[in-house]
Amino acid sequence: MNLQQHNISDNNFEQCIKCTVCTVYCPVAAVNPDFPGPKQAGPDGERLRLKRPDFYDEALKYCINCKRCEVACPSNVRIGDIIQSARIRYAKKKPKVRDILLANTDFVGTLSTPFAPVVNVALGLKPVKAAMDAVLKIDHRRMFPKYAFGTFEGWYKKQASRQAAFSKQVAYFHGCYVNYNNPQLGKDLVKVMNAAGYGVQLLEKEQCCGVALISNGLINQAKKQAQTNMASIRQAVLERKMPVIATSSTCTFTIRDEYPHLLQLENGDVREQVELATRFLYRLLAENKTKLRFRTDKKLKVAYHTPCHMEKLGWSYYTIELLKMIPGVEVQVLDSQCCGIAGTYGFKKENYEVSQQIGSRLFRQIEASGVDFVVSDCETCKWQIEMSTSKKCEHPISVLARMLED
Amino acid sequence: MKFDTIIIGGGLSGLVCGIRLVKAGRRCVIVSAGQSALHFSSGSFDLLNALPDGSPVECPLEALGQLALQAPEHPYVKLGVERMKALLAEVPAFFAGAGVAVEGQGVRNHYRMTPLGAWHPTWLTLKDFFCCGSPEGKLPWRKAAIFNIAGFLDFYAEFIAGDLKKRGVECSVHLFNMDALEHLRKNPSEMRSANIARVFEKQENLERLGEILRDEAGDAEVVLLPAVFGLERADALACLRRVANRKVMLLPTLPPSVPGIRTQLQLKKYFQDCGGVYMLGDTVMKAEVEDGHVVRVYSYNHGNIPFVADDVVLATGSFFSQGLIAEPGRVYEPVFGLDVKYPEEREQWFDLNFFNRQAYQSFGVETDGGFRGMRGGKVLDNLYVAGAVLGGFNAVKEGCGGGVSILTALAVAQQIMDKRKIG
């Protein structure tokens, strides 16, 4: 019997050999000395916490869960998971009203979209921003993503019969951002998948993937939503025999990896069938199972930004290759580094400065690039880049849709 | 994913091999499971400092005959004297071309100082580091000033001063502090070289330090500093020299190594600028081999989308980076299950005295004369092995880790180019 195999904890902290490599690549520790850094907050602290839970340090809330420590670790220690699990298990501070509002993307989105024109104007007004800053501690300098007037799901209903006509089908996990803020990205996805010969279905019931609930400590609600999503994903994959694709790198990462690692929700039976649309398309094209026709009359110069969770997934290669495939598109790959927003983290007054400092090197590189716009797979990176630089940021699927031959 | 060459492992060996190949026009991908041992670099690369029997080596090339008798399976013996000579001549220009300036050559070792103030023979030393031709005798200065950051525990100025004094150099030790460093002090566990280095990426902080050096170094001809400069900018030392108006040189710190990180980042950037694809944080899980030929390679992140290439290079490193794995009953290479040589009796793997020669450090993958890996004694015709995952040498006792990584990587790249008739 191999005793060593039975001697490894769920989050393998004992495999840390104390090499300090993770501390070099932590974007938070580099700018915020209040954060103990991934080694101390992760495997080192875990030994102490196992001994006595009151060794838990509330400063672990400064971790942005970017997982860049895990990408750097030569020993495959799940440092980010150790830190997040410790927060879930030991944190005593309860989420504030603000955290609950920021984390409940579904609820707030449902309330906002019917009144989008009013809500968008209001959220841009100085007095409103000042009030939110004073009362809720949502930083007044932060720009809110605009709400759409009508949801993606609402638009899709009118499309359903057209989509059903395709012989091959995929299910689409659109996420809150597409549904409430940017239905156009969902429409672009439908256009591209149709061009590749696939009809697009919605999941029977989709809720927010829960990433913001997890990072704001609303674990029970996150678990409930995750269970709803897993039931729908299982129904799509196992019963309707459709793979599930998504456009958000963070939703995808959360469903594939955070559900089992942080919420203890097993997904092994369907995990391989949940992926990003860019990866799905890359595989089809690489295996010559489909062809996309692009227009040739347009030239574009774009810069690709690798979101943290995309870096962790390791999938930016697919997006970059798809972009390079389009005639007339020149792609510059930006250095892979955190943009600083980390979902709801950068909205909070106490994190705003740190958030902008983390992203500053990326912003400078973007400004110096001379590109037409930035491309990225993550919606919150998009908000951060558009707020902090002079460039727009587009999703790769929207670029593909725009460049398809009519 | 189709490439000409897949390189598994993105440390010194993988990058050197990759750069050589992309420069010859090969489409290469490097798949790296985490960051590399360059993060613990001393700022120097060793070629051969001692023979297996412990006798010291001054001129590595001259010692190859003796090495062949004592360690017939040493990678240098496989390379042979002529190939070693040719490769050694290439190396300094190779690194300079990739943006990493080094001093030294393979004919005679020079000496570097360790963070604890001892002299250590070596082959190549990164620019700006303090090194000299001999471990004894006079140094070129009368007076040196050693500066350290107050509260930085990974650099031992007093030890270093002690050793320099033995060689006739008058030494003063200075601790300095600056407002910009104050915030690091809030957190003792993060007062590390890399975080300090970030402070000195800023021009104003470098200039402020330059002024401190100028004002406090007195009549010292040389200022010695811990290597916490130039994480990204290459001109940090030039700036300090200009403001301090004297010679400023670096000495290594305990890990993490700022010059090592810079070397890693620079080599990676150069590889990517030449068209290489670098995938960090991914682990190659398995390979499909047909008729002694590696056909497909699968990784954790890419799941059912395989890597396909003409040639595969295994440069996964040794135990530290899990290129080799030891279990109580066996030592194995986890990706391909290549032949690994080690004694069956576990008691023979190690010596209870930690400081003695440890047998396990020489364990590694067996190859044919062309560094091709084998399974069950049969050669895999397109799988090449380079760097620390190889067997037959002891990097610690022989001081040859850097040399094995760099030279076998170049040799493997050359073999691939010869086979594919390029370059």
Side-chain angles (χ1 to χ4, degrees), chain A residues 1-5 15 17-26 28-41 44-45 59 67-77 256 271-273 275 279-280 282-283 286-287 306 311-318 320-321 333 335-336 361, chain B residues 1-2 11 29 31-40 154 182-195 197-199 201 231-232 254-258 260-261 264-265 269 272 277-283 299-305 308 317 319-322 326-329:
Chain A
M1 191 173 73
N2 181 355
L3 272 177
Q4 276 183 345
Q5 272 174 7
Q15 295 195 325
I17 57 165
K18 312 293 164 207
C19 75
T20 70
V21 162
C22 58
T23 68
V24 177
Y25 295 94
C26 175
V28 181
V31 297
N32 181 5
D34 292 331
F35 180 56
K39 177 169 168 281
Q40 178 64 32
D44 287 7
K67 311 280 191 200
R68 287 189 184 262
C69 48
E70 295 187 6
V71 173
C73 177
S75 306
N76 271 324
V77 179
R256 285 172 57 101
R271 180 175 180 272
E272 277 308 307
Q273 301 289 317
E275 64 181 340
R279 183 172 189 245
F280 186 84
Y282 176 88
R283 189 192 291 105
E287 292 173 355
T306 308
E311 177 80 1
K312 174 66 182 156
L313 285 166
W315 292 355
S316 57
Y317 179 75
Y318 306 124
I320 294 165
E321 288 301 299
V333 180
D335 295 343
S336 176
R361 202 174 155 274
Chain B
M1 293 175 282
K2 273 199 185 129
V29 63
V31 184
S32 184
Q35 292 287 2
S36 79
L38 270 174
H39 290 63
F40 317 106
D154 294 336
E182 204 51 57
H183 78 279
L184 289 178
R185 204 156 281 116
K186 275 171 80 183
N187 188 338
S189 72
E190 294 308 297
M191 186 78 176
R192 291 178 205 278
S193 56
N195 283 338
R198 283 201 188 88
V199 171
E201 287 296 304
L231 203 51
E232 282 170 37
L254 295 188
S257 158
V258 172
I261 295 165
Q264 169 82 28
L265 295 178
K269 182 176 182 308
Q272 290 172 315
V277 176
Y278 193 101
M279 295 181 175
L280 181 65
D282 196 7
T283 304
S299 78
Y300 179 84
N301 282 345
H302 293 288
N304 58 12
I305 300 184
V308 183
F319 298 104
F320 162 72
S321 45
Q322 300 178 17
E327 285 175 359

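Note that the coordinates shown come from a computational prediction; the quantities given were computed from them, not determined experimentally.
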Task: Residue among A:V21, A:N76, A:V71 with most heavy-atom pairs under 4.5 Å to chain B - done: A:V71
Open item on the list: Please report the interatomic distance CE(B:M279) to OH(A:Y317), rounded to the nearest 0.5 Å.
Closed with: 6.0 Å
Open item on the list: Can you tell me how far apart CG (B:L280) and OG1 (A:T306) are? Round to the nearest 0.5 Å.
Closed with: 11.0 Å
- [ ] Write down the atom of A:P74, the atom of B:Q322, and the distance for their closest heavy-atom approach.
- [x] O-NE2, 4.2 Å
TODO: Let me know if A:C19 has heavy atoms under 4.5 Å from chain B in its side chain, its backbone, both or neither.
DONE: both
- [ ] Report the option among A:R283, A:R68, A:Q40, A:E70 that has the most heavy-atom pairs separated by less than 4.5 Å from atoms of chain B.
- [x] A:R283
Task: Heavy-atom proximity to chain B below 4.5 Å, by part of A:F35 - done: backbone
Task: Most contacts with chain B, counted as non-hydrogen pairs under 4.5 angstrom, among A:D335, A:V24, A:I320, A:D34 - done: A:V24
TODO: With a 4.5 angstrom heavy-atom cut-off, could you sort out which part of B:H39 is near chain A: side chain, backbone, both or neither?
DONE: side chain
Task: Pairwise side-chain contact, B:E232 with A:R361, heavy-atom cut-off 4.5 Å (strictly under) - done: yes
TODO: Let me know if B:L265 has heavy atoms under 4.5 Å from chain A in its side chain, its backbone, both or neither.
DONE: side chain
- [ ] Sort A:A72 into side chain, backbone, both or neither according to what part of it lies under 4.5 angstrom from a heavy atom of chain B.
- [x] both
Task: Top of A:S316, A:P36, A:A29 for chain B proximity - count of heavy-atom pairs under 4.5 angstrom - done: A:P36
- [ ] Below 4.5 Å from any heavy atom of chain B, which atoms of A:L313 appear? Answer side chain, backbone, both or neither.
- [x] backbone
TODO: Heavy-atom distances under 4.5 Å only: say whether B:D282 touches chain A with side chain, backbone, both or neither.
DONE: neither
Open item on the list: If I compare all heavy atoms of B:N195 with all of A:A30, which pair ends up nearest, and what's the gap?
Closed with: OD1-CA, 4.1 Å
Task: Contact origin within A:K67 toward chain B - heavy atom pairs under 4.5 Å - done: neither
Task: 4.5 Å side-chain heavy-atom contact, B:I305 and A:R279 - done: yes
TODO: Check whether B:S193 gets within reach of chain A through its side chain, its backbone, both or neither, counting any heavy atom under 4.5 Å.
DONE: neither
